[in-house]
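Each remark here refers to the structure printed beneath this line.
Source: prediction; values computed, not measured. Lettering follows sequence order; numbering is per chain, from 1. In what follows, every heavy atom counts, from backbone to side chain, and hydrogens, waters and symmetry copies are set aside.
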Amino acid sequence: MPEGHTLHRLARLHKRQYAGAPVEVSSPQGRFAVEASKVDGQVLVGAEAYGKHLFHDYGPPGIVHVHLGLYGTFSDLKPPVTEPVGQVRMRMVGREHWTDLRGPNRCELLDAAQVDAIKARLGPDPLRRDAKPDLAWERISRSKVSVAVLLMDQAVLAGVGNVYRAEVLFRHGVAPMLPGKALDPALWKDIWADLVLLMRVGVRVGRIDTVRPEHLPKATGRAPRVDRHGGEVYVYRRTGMPCLVCGTPIAHKDLAGRNLYWCPTCQPS
DNA sequence: GATCTATGTAGAT
DNA sequence: TCTACCTAGATCG
């Protein structure tokens, strides 16, 4: 369940639960076994997220880099530690907490230079204090590519995924297929500021909520929508359902292999 | 039990 | 633009 907010939330959680003490690291499944043995028993120095990438820093032995991909997950459990069930790529056991990582796209041990290289190819992350939104604008304002594709490009913006993309475009009335270069600079500033706001809420509550109070189904009388990703949203996975603002059926199409959702009335092209 | 789907990305074509 | 990959829960029959 991974957009940037999930990874930042995990970084915060892992720092709180494991940093400053030795961690038992293993790979019950075996695919990370050699690397796990190199950090097993080491003190976790820190954890941080950059976009959708998570880094566990063990000092000299190296940094564990995790990318969850589409369906990677970390559990969050307390002792007693139980036998692994299913495919557990990495298991971390601390004093008071333990976690199993399943289904990641990446789980590897890197050195500092390799971590820097990953960060260097990512655009600004709305959840990081050191983010420079102008770097994203430089790319967007010069591009013929649609804003919908640009927002998902991790080299342009880091951490935004399919849900935040659809929702932020809706909140600003932007047609998904608008070319980046046609986007108004002031509107871009608003979109960035909104991403910072929305994604911080996401880190805090652990789900993606984007609907303003006056548009919540409670207030409008429109049918509530419960999705397994758990958040309250305007358009994501609401194909054919009435727009929470104007009632128009939400549209859907496949764009570059990903599901795109928008309201044709609120986001006119 | 088989099939489908997903908040993602990299590499081949 | 396509395909492969990693996994589990939902849905289908």
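Counted by atom type alone, A:H172 and A:D194 present one or more donor-acceptor pairs between their side chains at under 3.5 Å.
In the hydrophobic clustering, where aliphatic and aromatic side chains (Ile, Leu, Val, Met, Phe, Trp, Tyr) are joined below 4.5 Å either directly or transitively, A:V205 groups with A:V201. Other members of the cluster containing A:V88 do not exist, because no ILVMFWY side chain is joined to it at under 4.5 Å. Members clustered with A:V115: A:Y50, A:F55, A:I63, A:L110, A:I118, A:L122, by chain and number, using a 4.5 Å side-chain heavy-atom cutoff among hydrophobic residues.
In the hydrophobic cluster analysis, where Ile, Leu, Val, Met, Phe, Trp and Tyr join through side-chain heavy atoms closer than 4.5 angstrom, A:L178 is grouped together with A:V156.
Atoms CZ (A:F74) and C1' (C:dA8) sit 17 Å apart, rounded to a whole Å. Spacing between atom CG of A:N259 and atom P of B:dC4 amounts to 16 Å, rounded to whole angstrom units. Distance A:Q154 CD to B:dT7 P: 14 Å, rounded to the nearest Å. Whole-Å rounding puts the A:Y261 OH to B:dT7 C1' distance at 10 Å. B:dT9 atom C1' lies 9 Å from atom NE2 of A:H53, rounded to whole Å. One interatomic measurement links the two molecules: CG of A:D254 to C1' of B:dA6, which rounds to 13 Å at whole-angstrom precision. For A:D153 and B:dG8, the CG to C1' distance is 13 Å, given to the nearest whole Å. Rounded to an integer number of Å, the gap from CG of A:L70 to P of C:dA10 is 17 Å.
Shown here are the side-chain hydrogen bond (donor to acceptor under 3.5 Å, both in side chains) partners of A:Q154, two or more places apart in sequence or in another chain: there are none. A:R106 pairs by the side-chain hydrogen bond (donor to acceptor under 3.5 Å, both in side chains) definition with nothing, not counting sequence neighbours. The side-chain hydrogen bond (donor to acceptor under 3.5 Å, both in side chains) test applied to A:T265 returns A:T248, not counting sequence neighbours. For A:Q42, the side-chain hydrogen bond (donor to acceptor under 3.5 Å, both in side chains) test picks out no residue, with sequence neighbours left out. Every ring pair (Phe, Tyr, Trp, His ring centres under 6.0 Å) that A:Y261 has, sequence neighbours left out, goes to A:Y236, A:H252.
Residue A:R95 qualifies as open at atom CZ: its count of foreign heavy atoms under 6.0 Å is 12 or below.
Contact annotation: A:H67 side-chain N/O to B:dT9 OP1/OP2 distance is under 4.0 Å. Applying the 4.0 Å criterion to OP1 and OP2 of B:dT9, one finds that A:R258 has every side-chain N and O outside that range. For B:dA10, one of the phosphate oxygens OP1 or OP2 lies less than 4.0 angstrom from a side-chain nitrogen or oxygen of A:R121. For B:dT9, the OP1/OP2 oxygens have a side-chain nitrogen or oxygen of A:K52 closer than 4.0 Å. Side-chain nitrogen and oxygen atoms of A:Y236 include at least one within less than 4.0 Å of the OP1 or OP2 phosphate oxygen of B:dT7.
With P as the reference atom, B:dC4 and C:dA4 are 15 Å apart, rounded to whole Å. Only the P atoms considered, B:dA10 is 23 Å distant from C:dA8, to the nearest whole Å. Rounded to whole Å, the C1' atom of B:dT9 lies 22 Å from the corresponding atom of C:dG9. Comparing the P positions of C:dT3 and B:dT5 gives a spacing of 15 Å, expressed to the nearest Å.
Among pairs with a residue in residues 73-118 of chain A, those fulfilling ring-ring contact (aromatic ring centres under 6.0 Å, His included) read A:H14-A:F74, at least two apart in sequence or across chains.
Remark: DNA chain B forms stems of 3 or more consecutive Watson-Crick or G-U wobble pairs, all pair distances under 3.5 Å, at B:1-6 with C:7-12, B:8-12 with C:1-5.
Using a 4.0 Å cutoff on non-hydrogen atoms, the parts of residues 23-31 of chain A near DNA chain C are A:Q29, A:R31, ordered by number. Residues from residues 99-115 of chain A lying near DNA chain C, meaning a heavy-atom separation below 4.0 Å, are A:R102, A:G103 in numerical order.
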